[in-house]
Structure formats: structure tokens, C-alpha cells
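Below is one structure; the comments refer to it alone.
Since the model is a prediction, treat every value here as computed from it, not as a measurement.
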Amino acid sequence: MEAMLDTIVLGNSVSQWLEAIALGLGIYLFLTVVVRWLPRRLGRLFERLPEKLERKLATTTAQQFVGLIERTQAYFRAAAAVYGGSVLLSLPEGVRAVLRDLFILAVMAQIAVWLSYLVETAIKNYVSKRRDRFDAGDITEIRWVTRIAKIAVWIVAVLVALDNIGVDVTALAAGLGIGGIAVALAAQSILGDLFSSLSIVIDKPFVIGDFIIVGDKMGAVESIGLKTTRVRSLTGELLVFSNSDLLGSRIHNYGGMKERRVAFSFGVVYQVPAEQLEAIPGWVRDIVESQKPVRFDRAHFKAYGDSALVFEVVYYVLSSDYALYMDIQQAINLELNRLFEERGIEFAYPTQTIYVAGDGVEAASTTA
């Protein structure tokens with residue numbers, strides 16, 4: 001048995017390989033247990049804390065700590081295990097350098113994940129404490145800034161990692177500068193969408209939650225990304241617009257509408273007496289003003305139609321809510337119908353009257 005353990009394999013004895021494997025597995029299992037067990041344990045502890053301001057503040061910081069633990073990635077645990085186990089082995093310098101570089105890359109990637117989480121949570125906490133001060137446009141800007149900040153974190157992490165594994169970052173930056181023109185030419189559409197996204201965030205032609213119409217497509221804005229904007233249509237499907245194409249289109253934004261102008265017409269038969277014709281605009285005004293929230297504008301006897309005396313009504317619904325507008329219009333229509341029925345006034349419908357000359361003049365009326 002001892003002879004077998006002393007057998008040399010790839011420059012190390014079998015016993016050294018077993019010790020290295022055991023150490024690596026131990027490191028991986030320890031980190032895995034910490035990642036899975038500690039957050040649950042701390043979560044139960046937080047639930048027992050009294051809801052006081054001091055405890056809330058402490059809990060917020062502790063919850064961020066728990067979030068960091070939960071975001072410890074499997075590749076980081078694996079890299080730590082392999083690198084830790086390799087310490088017990090005699091390895092060629094080239095192999096050890098590769099393992100070291102891989103471990104550095106895993107560490108920097110993990111740090112970037114942690115920093116991205118801290119940036120995101122810090123901004124969320126800032127917004128939640130001042131929610132009443134921000135509108136939808138401000139929230140859109142904040143989300144865009146969050147994305148840029150997280151991208152910056154990853155860029156810095158990559159540069160630091162490359163510098164630590166021996167890459168000349170200065171020469172790399174110079175090379176990227178020389179090749180930047182070629183990259184820009186190859187990625188014109190991507191860069192165009194990126195700058196269009198920045199224009200949307202700054203100029204705010206629409207914000208998240210607005211209902212927009214672009215050509216024959218319509219829906220509510222769900223997200224504004226670096227390349228595309230996603231809109232949820234009325235029928236449920238997700239519409240994805242390129243930011244450049246979106247800004248190049250004519251956008252109807254109903255989200256910024258403070259009130260809705262409504263104009264509708266109706267007709268009554270020619271047999272309605274003049275006194276009632278004069279009274280109809282006032283009756284309609286009373287009906288419209290009884291609705292809330294509404295601002296009456298006008299009601300007029302507009303025209304002599306082919307088969308009706310036409311009235312036109314204009315009012316404003318003091319809200320952009322389409323469902324509310326439809327509820328109000330329905331209530332007005334029902335009240336108008338009830339009033340005309342009580343007064344004996346008939347709504348007009350398309351008819352045609354034919355006069356026939358004979359011994360006596362007879363008239364025949366037909367419905368078109």
C-alpha cells in the first residue's frame with residue numbers, strides 16, 4: 001500500500017495527488033456550504049429582529065452582505081479549489097502560471113459580480129428612499145445610469161485582471177485605439193442604437209409605462225435597453241423596436257397626455273319641435289357635467305343632415321385613462337337615450353322620402 005502511495009505520477013506521488021484532491025474538494029465544499037447555508041441562517045435571524053429604525057438600517061447592510069454571499073459564483077469556487085489544491089503539488093512553472101492566471105481571472109470576475117450588485121442595490125436604496133421625488137422619466141435615467149455603471153465595473157475588472165496576468169494594458173489600449181475606427185465601421189448599427197438609447201434617456205420622448213403608437217403598432221413601454229426598446233402590445237405579444245428605428249419614426253405618446261378631448265355627434269329626426277331643438281344643447285351639457293372628472297366644452301346644433309338634424313358635442317376627460325373615458329362616454333350615451341325616450345324625441349336613422357305626383361300628392365317613406 002505504501003509503495004502504491006509513493007508511486008510517482010506526473011512528478012508527484014499518489015499520496016500528494018490524493019492530498020491535493022482532498023484539499024481542493026474541501027475548499028469547494030466549504031465555500032458551497034457557506035454560500036447555501038449562511039444566507040438562510042441570517043435570513044431567519046433577521047426575521048426575529050424588532051422593527052426599529054436602527055435595526056432596519058443594520059438589516060439593510062446585513063442583507064447586502066447576504067446578497068454578496070449568494071452571488072458567489074460556482075466558477076470562483078471551482079477556481080479556488082483547483083488553485084488551492086495545486087499548492088501541494090510540484091508542477092512545471094508553465095502549468096502553475098496558467099493555474100494562477102485562471103485563478104486571477106476568476107477572482108476579478110467574482111469581484112465584478114459583487115461590485116455590480118453593490119452598485120445596483122445602492123441605487124435602488126437611494127431611489128426607494130426618495131421615490132416621491134422621481135417621475136417615470138427619472139426612473140428611466142436611473143436605470144440607464146445603472147447599466148453604464150455596471151459596464152464600467154466590468155471594464156475596470158477586465159483591465160485589472162489582464163494587467164495582473166502580464167498583459168501590457170497600455171499597449172492593448174493603444175491597439176484598441178488604432179482599431180477603433182474599424183470596429184466603429186463594423187458596428188455602425190450597434191453604436192447608432194446605443195446613442196439612440198442615450199437620446200431617449202436624455203430627451204425623454206417616452207418613458208417606461210407610457211402607451212405609444214408607432215406606425216400601426218401600439219402598446220406600453222416595458223423597458224428601454226442599450227440597443228432595443230420593448231413594448232407590450234394590447235394583444236399581449238412583446239414588440240421589440242431598434243432604438244434607431246424608433247427615433248426615426250413618428251411616435252404618438254399617450255403617456256404624456258394630461259386630458260383627453262372627446263368629440264361625438266348624434267342626430268334626431270326632422271319632426272322634433274323647435275323648442276326641443278333649442279333645449280337639447282342645454283340638456284346635453286347637464287348630462288356631461290354630471291360625469292366626473294369631466295370638463296364640458298360645447299354642444300351645438302351643427303347641421304341639417306340628409307336624414308337627421310345633427311348635433312355635435314365636445315368635452316374633456318381630465319385623465320389619460322382610456323377605460324375611464326369609455327366608461328364616461330357610455331354613461332353619457334345611456335343618459336341621453338333615457339332623456340330622449342322620456343321627452344318623446346327620436347334618434348334619426350338613414351331614411352329616404354319619395355313624393356309621388358297624382359290626383360292628390362301622396363308621400364311614401366322608405367328606410368335606407
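In this structure, Glu312 pairs ionically with Arg298, as a charged nitrogen and a carboxylate oxygen lie closer than 4.0 Å. Salt-bridge check for Glu222 with Arg232: passed, with a basic side-chain N closer than 4.0 Å to an acidic carboxylate O. The pair Glu259-Arg295 meets the salt-bridge criterion, since a charged nitrogen lies less than 4.0 angstrom from a carboxylate oxygen.
Annotation for Tyr322: atom OH does not count as buried by contact number, only 12 or fewer foreign heavy atoms lying within 6.0 Å. Counting non-hydrogen atoms of neighbouring residues, nucleotides and ligands closer than 6.0 angstrom, the CZ atom of Phe30 reaches no more than 12 such neighbours.
Here CD1 of Ile280 is found 4.5 Å from CD1 of Ile345. Values are rounded to the nearest 0.5 Å. With values rounded to the nearest 0.5 angstrom, Leu99 atom CG is found 5.0 Å from Ser86 atom OG. Here the straight-line distance linking atom CG of Leu238 with atom OG of Ser223 works out to 7.5 Å at 0.5 Å rounding. Atom CG of residue Asp210 and atom CD1 of residue Ile224 lie 8.5 Å apart, to the nearest 0.5 angstrom. To the nearest 0.5 angstrom, Leu246 atom CG is 4.0 Å from Ile251 atom CD1. To the nearest 0.5 Å, the span separating CG on Asp321 from CG on Leu318 amounts to 12.5 Å.
Residues Ile213 and Val262 fall into different hydrophobic clusters, defined by Ile, Leu, Val, Met, Phe, Trp and Tyr side chains chained together at heavy-atom separations under 4.5 Å.
Residues meeting the salt bridge (charged side-chain N to carboxylate O under 4.0 Å, His left out) test with Arg261, sequence neighbours left out: none. With sequence neighbours left out, Glu120 forms a salt bridge (charged side-chain N to carboxylate O under 4.0 Å, His left out) with Lys124, Lys150. Lys217 meets the salt bridge (charged side-chain N to carboxylate O under 4.0 Å, His left out) test with no other residue; sequence neighbours excluded. For Arg100, the salt bridge (charged side-chain N to carboxylate O under 4.0 Å, His left out) criterion is met by no residue, not counting sequence neighbours. With sequence neighbours left out, Ser249 forms a side chain to side chain contact (heavy atoms under 4.5 Å, CB included) with Val214.
The other members of the hydrophobic cluster of Val98, by chain and number, are Leu102 (side-chain heavy atoms under 4.5 Å, ILVMFWY only). Counting side-chain heavy-atom gaps under 4.5 Å among Ile, Leu, Val, Met, Phe, Trp and Tyr, the cluster of Ile21 also holds Leu25.
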Only pairs under 3.5 Å count here: list side-chain donor-acceptor contacts from residues 108-119, not counting sequence neighbours, and write none if there are none.
from: Gln110; atom 1: OE1; to: Gln73; atom 2: N; distance (Å): 2.7
from: Gln110; atom 1: NE2; to: Arg71; atom 2: O; distance (Å): 3.0
from: Trp114; atom 1: NE1; to: Leu68; atom 2: O; distance (Å): 2.9
from: Ser116; atom 1: OG; to: Ala112; atom 2: O; distance (Å): 2.8
from: Ser116; atom 1: OG; to: Trp154; atom 2: NE1; distance (Å): 3.4

Atom pairs and distances, side-chain donor-acceptor, residues 325-340, under 3.5 Å, sequence neighbours left out:
from: Gln329; atom 1: OE1; to: Tyr315; atom 2: OH; distance (Å): 2.6
from: Gln329; atom 1: NE2; to: Asn333; atom 2: OD1; distance (Å): 3.0
from: Asn333; atom 1: ND2; to: Gln329; atom 2: O; distance (Å): 3.3
from: Glu335; atom 1: OE2; to: Arg338; atom 2: NH1; distance (Å): 2.7

Taking distance alone, no hydrogens or angles, what donor-acceptor pairs closer than 3.5 Å link side-chain atoms of residues 264-278 to residues at least two apart or in another chain?
from: Tyr270; atom 1: OH; to: Gly305; atom 2: O; distance (Å): 2.7
from: Gln276; atom 1: NE2; to: Arg343; atom 2: O; distance (Å): 3.3

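Of the possible polar contacts, none joining the Asp297 side chain to the Val314 backbone as a donor-acceptor pair under 3.5 Å is found.
The ring pair (Phe, Tyr, Trp, His ring centres under 6.0 Å) contacts involving residues 277-302 comprise Phe301-Tyr304, Phe301-Phe311, where partners must be two or more places apart or lie in separate chains. Pairs engaging residues 222-256 under the ring pair (Phe, Tyr, Trp, His ring centres under 6.0 Å) rule: none recorded [sequence neighbours left out].
Side-chain contact, Arg260 with Ser319: no donor N or O sits under 3.5 Å from an acceptor N or O. A donor-acceptor pair shorter than 3.5 Å cannot be found between the side chains of Ser244 and Ser242.
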